[in-house]
Amino acid sequence: MDYLKTVVPSQLLSERGSNLVVINPGSANIRIGLASQDTPLNIAHCIARHTTQVPRRNVQDQLLNSQVSTTQYMEREKAYDTIASFLKIPFLDEEVANNSYPRKMGRVDGYNPQNSRKEPAFDWTDVYEKDPSSSSSLESSENKGTNSEALGQLEDENTKEVGSSNRKYKKVIFGEEAQKISPMAPYTLRRPIRRGHLNISQHYPMQQVLEDVHAIWDFILTEKLHIPLRERNMYAAMLVVPETFDSREIKELLSIVLRDLRFSSAVVHQEGLAAAFGNGLSTACVVKMGAQVTSVICIEDGVALPTTEKTLPFGGEDISRCFLWTQRHHQTWPQIRTDMFAKPIDLLMLNRLKESYCEIKEGELDAVGIVHSYEDGLPAGSHKTRLTALNVPPMGLFFPMLLVPDAYPPPPSVWFRDYEDMLEDTWHMEFPRRPEMPDGMYPSMNVGYPMWDTYPVFAAKPKKEEKVGLAEAITSSILSTGRIDLQRKLFCSIQLVGGVALTRGLVPAVEERVLHTIPSNEAIDTVEVLQPRANPMFVSWKGGAILGILDFGRDAWIHRDDWIRNGIHIGSGRKYKDSYFLQAQAMCYINS
């Protein structure tokens, strides 16, 4: 404690963070870096592997039910009209643009239309390995970006004989480059984490999922952080995992970190608690809004309250899909083939348009933007168009029927058979186990979190918070604490983290919607969203770095040899310890 009182924070980060790697995996992106760094690397959490299989799938991402049913379509239209009444804009069926009066053209505050014209389109990824012995003319043509002509001939069996006899396909491509591969190229894109869980299905077996996680993380460590395999025994790893992960998923990731990536030791913390520490808070209601999942959990005096956890199956990518649907419904989208499922590069474009133009504010919100079309193997085309109703898609956070999340098939039944218990007994005292199984069906089995309950195939056990909006989830989470003093404190300490938290106008919208959602019989009249001290996208990662640096005792850390030799067994001396209970010196330091 004397050391903590005298040490300079920058010195502490430098001394203890230089050999600590903080890994914060998400459904769309992974944030990873040394704890001594100010910001982590933010890399798309996907991998594309070369394949010779015929027929092949461009995206190996389960059988997505991207078609909207009649009932869902009617609910979506109803949600749009409800939002329109709040925003004071025309209803969906009102043809204002064509008949009543000319729509006033405006632009999003802070957005410069001239920058839109200069904003470059995404380029197709060069899928060939670099050949140092190739001729200078070939290198010149590559530098000029003429490889698009070659991409258009990928299906020709004689491609390699025409002008590219010495060229070979890359075996694997990672990150955003994997998302920009032409659909005609012989590659299959995989996303190992989807909707807050490992993306396991009959089309994407568990072994492939884990191999892809290992390959992505190993690539980042080696090529981006320059930590080769032979030196990793000098580094420790901090895993900052989403609240949606269950015990078995955490164990599989720990095995990758310790056994495959060969870190000397590792520990796991949850995103909600890490986010609170990243913003220097000891008590807060943390709302993590990622690309595919939104989660809410309350923190009191550095302790996460598991009974307050709420999980909503939508995020930033759903807002992007809604943005595309809105433009097509209003017939403002160009006549181009935009398919964010079959062409991941279209998802990149939609995400960028959403981030540039969408915000929450009253009144009609239109803008002139540049939409790019990406046809197979051809250079991107540019289309100047009028984008309308730009304040509607982000309001889907409060009215989720507007978003219509895609459906997923169930995972293999064997996935649920987890014979080991990673969680502390104190956790189970607050969070109920699943019902005991019948005789002969592993009565001692426990899977921790009720995994996969967010998937529509489990209609017999729907989670109550699934179909509610963000304001209802926050209110329900805070009121479940049951203490008026804590409730008042939490309603004034709401913390928004994740990429969606950067949406302009979201903070006042959350304050207003939550305040109106609180029942009238509750003695609460103030709601406040705290301003972040760091980039909301990286605050959970930064909190993980702080927790790792301040954990001097490291009693909960698991060493590589122990993990490989013994794993985790009920009743053993060393069990996995969750991050709900922190050492006193960490709280002392963070509050000083």
Side-chain angles (χ1 to χ4, degrees), residues 9 12-26 29-43 45 193 213-214 216-218 220-221 224-225 227 231-243 245 247 249-280 286 288 299 302 304 422 497 534 537-560 562-563 568 574-583 585-587 589-590:
L12 187 65
L13 289 170
S14 177
E15 290 178 356
R16 297 180 55 82
S18 59
N19 65 340
L20 174 62
V21 177
V22 182
I23 305 173
N24 179 208
N29 299 286
I30 177 173
R31 292 152 291 276
I32 182 171
L34 292 172
S36 57
Q37 298 174 331
D38 292 332
T39 56
L41 298 171
N42 190 38
I43 298 175
H45 207 185
I193 299 179
V213 171
H214 171 234
I216 295 170
W217 295 11
D218 184 63
I220 298 173
L221 291 169
K224 303 297 183 180
L225 295 180
I227 305 176
E231 296 179 6
R232 288 180 201 158
N233 61 341
M234 298 183 289
Y235 291 82
M238 160 73 71
L239 266 176
V240 181
V241 299
E243 278 76 13
F245 273 27
S247 59
E249 291 173 304
I250 295 173
K251 284 194 297 184
E252 297 295 351
L253 294 184
L254 275 173
S255 292
I256 292 175
V257 167
L258 294 172
R259 180 194 62 205
D260 302 327
L261 299 178
R262 300 186 182 179
F263 282 96
S264 61
S265 60
V267 73
V268 179
H269 284 275
Q270 288 192 326
E271 276 187 336
L273 187 62
F277 271 73
N279 268 334
V286 179
K288 174 67 167 62
I299 313 294
M422 294 184 65
V497 299
M537 293 179 61
F538 307 137
V539 68
S540 295
W541 178 90
K542 192 63 178 179
I546 293 172
L547 287 168
I549 290 172
L550 297 180
D551 190 358
F552 289 92
R554 294 199 171 184
D555 293 332
W557 291 64
I558 303 171
H559 297 278
R560 182 173 188 268
D562 292 340
W563 181 263
I568 291 175
R574 177 177 291 274
K575 291 175 60 179
Y576 164 80
K577 295 183 179 179
D578 212 329
S579 59
Y580 291 111
F581 302 98
L582 303 177
Q583 296 186 13
Q585 66 258 31
M587 286 301 306
Y589 184 83
I590 200 90

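Along the sequence shown, the residues carry numbers beginning at 1.
- Atom CD1 of Ile227 sits about 11.0 Å away from atom CG of Asp218, to the nearest 0.5 Å.
- Closest heavy-atom contact between Trp563 and Lys251: CZ2-O, 3.6 Å.
- Side-chain contact between His45 and Trp217 is present, with heavy atoms from C-beta onward closer than 4.5 Å.
- In this structure, the side chains of Leu253 and Val268 stay at 4.5 Å or more apart for every pair of heavy atoms.
- Val22 and Ala35 get closest at one heavy-atom pair: CG2-CB, 4.0 Å.
- Atom CE of residue Met537 and atom CG of residue Asn42 lie 4.5 Å apart, to the nearest 0.5 angstrom.
- For the atom pair Trp541 CH2 and Ile30 CD1, the distance stands at 12.0 Å (nearest 0.5 Å).
- Atom CG in Leu547 sits 10.5 Å away from atom OG in Ser540 (nearest 0.5 Å).
- At least one side-chain heavy atom of Pro25 sits less than 4.5 Å from a side-chain heavy atom of Ile193.
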Walk me through whether Leu20 and Leu34 qualify under side chain to side chain contact (heavy atoms under 4.5 Å, CB included). CA-CA 6 Å; Leu20 174 62; Leu34 292 172; over 6 Å; no
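- Arg232 places no side-chain N or O within 3.5 Å of a backbone atom of Phe263 that could act as its donor or acceptor partner.
- Although no hydrogens or angles enter the test, the distance criterion places a donor-acceptor pair under 3.5 Å between the side chain of Arg560 and the main chain of Arg259.
- For the pair Glu243/Val286, no side-chain contact is recorded, criterion being any heavy-atom separation below 4.5 Å from C-beta on.
- Distance CG/Asp38 to NZ/Lys542: 5.5 Å, rounded to 0.5 Å.
- Across all non-hydrogen atoms, the minimal contact from Ala534 to Asn279 is N-OD1, 3.7 Å.
- At least one side-chain heavy atom of Leu221 sits less than 4.5 Å from a side-chain heavy atom of Ile32.
- Interatomic distance, CG of Leu41 versus CD1 of Ile220, reported as 7.0 Å (0.5 Å rounding).
- A heavy-atom distance below 4.5 Å is not found between the side chains of Phe277 and Ile299.
- With hydrogens and angles ignored, the 3.5 Å screen pairs no side-chain donor or acceptor of Ser265 with any backbone N or O of Ile558.
- Contact between Val257 and Ala266 at its shortest, heavy atoms only, is CG1-CB, 4.0 Å.
- A donor-acceptor pair is defined here as one N or O able to donate and one able to accept, closer than 3.5 Å; no such pair exists between the side chain of Glu271 and the backbone of Lys288.
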